Amino acid sequence: GGGVRQRYRGGRGPRGGCVASGQRRALCGGVGQRRGLGSMLLAAGLGLRWCLRTIGWRGAPVLVASLAYMLSPYVLDYIARISVILLPWAGLPWMLALTVRALRTPGWRHPALFALVTLTVGGVNATSVLLVGLGPVLWIAWSVAEGTVAWRRALGVAGRIGVLVFATSAWWIVRSEEPTSELQSP
C-alpha cells in the first residue's frame with residue numbers, strides 16, 4: 001500500500017509551527033492553518049518581488065507580477081487538500097534570486113542561503129523540490145548560453161549549491177529510505 005510520509009514529516013516543517021501555535025492558544029486548527037497558508041502566500045509574493053528586483057526590474061511591474069504570482073490560480077488546486085506541496089512553489093523565487101546572486105558574487109554565502117531555503121521548503125515531497133529545482137538549473141544554463149556567465153563560474157556555483165543542498169537534505173533523503181511500516185496504509 002501507499003505511505004503517508006508527507007503527513008508525518010510535514011508537521012515538523014515551516015507550516016507545522018503555525019498550526020501548533022494555534023493549538024496552544026486553544027484556537028481551532030483552521031486558524032493556524034490559515035495563518036500558515038497566508039504566510040506561505042506572502043513569502044511567495046515577497047520572494048518574487050526580491051527576485052525581480054535582483055534581475056533589475058523596478059516600479060509597478062514588480063508589484064503586479066508579485067501579486068499575480070502570490071494569488072495564482074495554481075494555489076487553488078492545492079490549498080485545501082495538500083497545501084504543503086505549495087512550499088516549493090513559494091520557495092522558487094527565492095531560489096532563483098539566490099542563484100542569480102551566486103552567479104554574480106563569489107563565495108559561499110548565496111549557495112548556503114539557497115540550501116537553507118531548500119531545507120525550509122523541502123523534505124515533504126521530493127518530486128516538487130526536484131521540479132522547482134529545474135528553475136535555477138535552467139537559469140544557470142541560460143546564463144552560460146547567453147554569455148553573461150563563464151561556464152567555469154557556472155559549474156563552480158552549481159557545485160557549491162549542489163553540495164550544500166545535499167548536505168541540508170540528507171536527513172530526509174536517508175529517512176525516506178527507511179521502512180515505515182507504522183505509517184503504511186492498509
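Not measured: the values here are computed from a predicted model.
- Both Y74 and L42 are part of a single hydrophobic cluster, where members link through side-chain heavy atoms under 4.5 Å apart.
- The minimum heavy-atom distance between S128 and P88, with the atom names listed, is CB-CG, 3.6 Å.
- Residue-environment remark: CZ (R49) stays at or below the threshold of 12 foreign heavy atoms within 6.0 Å.
- W89 and V121 end up in the same hydrophobic cluster when Ile, Leu, Val, Met, Phe, Trp and Tyr side chains are linked at under 4.5 Å.
- With a 4.5 Å cut-off on side-chain heavy atoms, L92 and Y69 count as touching.
- Between L48 and W94, the closest side-chain pair of non-hydrogen atoms is not below 4.5 Å.
- Residue S143 comes nearest to L103 through the heavy atom pair OG-CD1, 3.9 Å, listed as atom of the first residue, atom of the second, then distance.
- By the neighbour-count criterion of 12 heavy atoms within 6.0 Å, atom CZ of F166 is sparsely surrounded, having that number or fewer from other residues, nucleotides or ligands.
- In this structure, T99 and I140 have side chains that are in contact, with non-hydrogen atoms separated by less than 4.5 Å.
- Between P106 and R153 the shortest side-chain heavy-atom distance falls below 4.5 Å.
- V137 and L130 fall into different hydrophobic clusters, defined by Ile, Leu, Val, Met, Phe, Trp and Tyr side-chain heavy atoms under 4.5 Å apart, directly or through other members.
- Shown here for G45 and M70, the closest heavy-atom pair between the two residues is CA-CB, 3.9 Å.
- F114 and W108 have their aromatic ring centers separated by at least 6.0 angstrom.
- Counting non-hydrogen atoms of other residues, nucleotides and ligands closer than 6.0 Å to CZ of R58 gives a total above 12.
- Nearest approach of V117 to M95, heavy atoms of both residues: CG1-CG, 3.7 Å.
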Exercise for review: Any chance you could lay out the side chain to side chain contact (heavy atoms under 4.5 Å, CB included) test for L96 and W50, step after step, and finish with the verdict?
Suggested key: CA-CA 10 Å; L96 282 172; W50 189 56; over 6 Å; no
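- Taking the side chain as every heavy atom from C-beta outward, T148 and W142 never approach each other to under 4.5 Å.
- Among all heavy-atom pairs drawn from G122 and V129, the shortest one is CA-CG2, 3.4 Å.
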Which side-chain N or O atoms in residues 157-165 pair as donor and acceptor under 3.5 Å with protein atoms at least two apart or in another chain?
| residue | atom | partner | partner atom | Å |
| --- | --- | --- | --- | --- |
| R160 | NE | G107 | O | 3.3 |

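- Residues L41 and V62 are members of one and the same hydrophobic cluster, defined by side-chain heavy-atom contacts under 4.5 angstrom among Ile, Leu, Val, Met, Phe, Trp and Tyr.
- Under the 4.5 Å side-chain heavy-atom criterion for Ile, Leu, Val, Met, Phe, Trp and Tyr, L131 and W139 are members of distinct hydrophobic clusters.
- Heavy atoms only, all atoms of each residue included: R104 and I55 are closest at NH2-CA, 3.8 Å.
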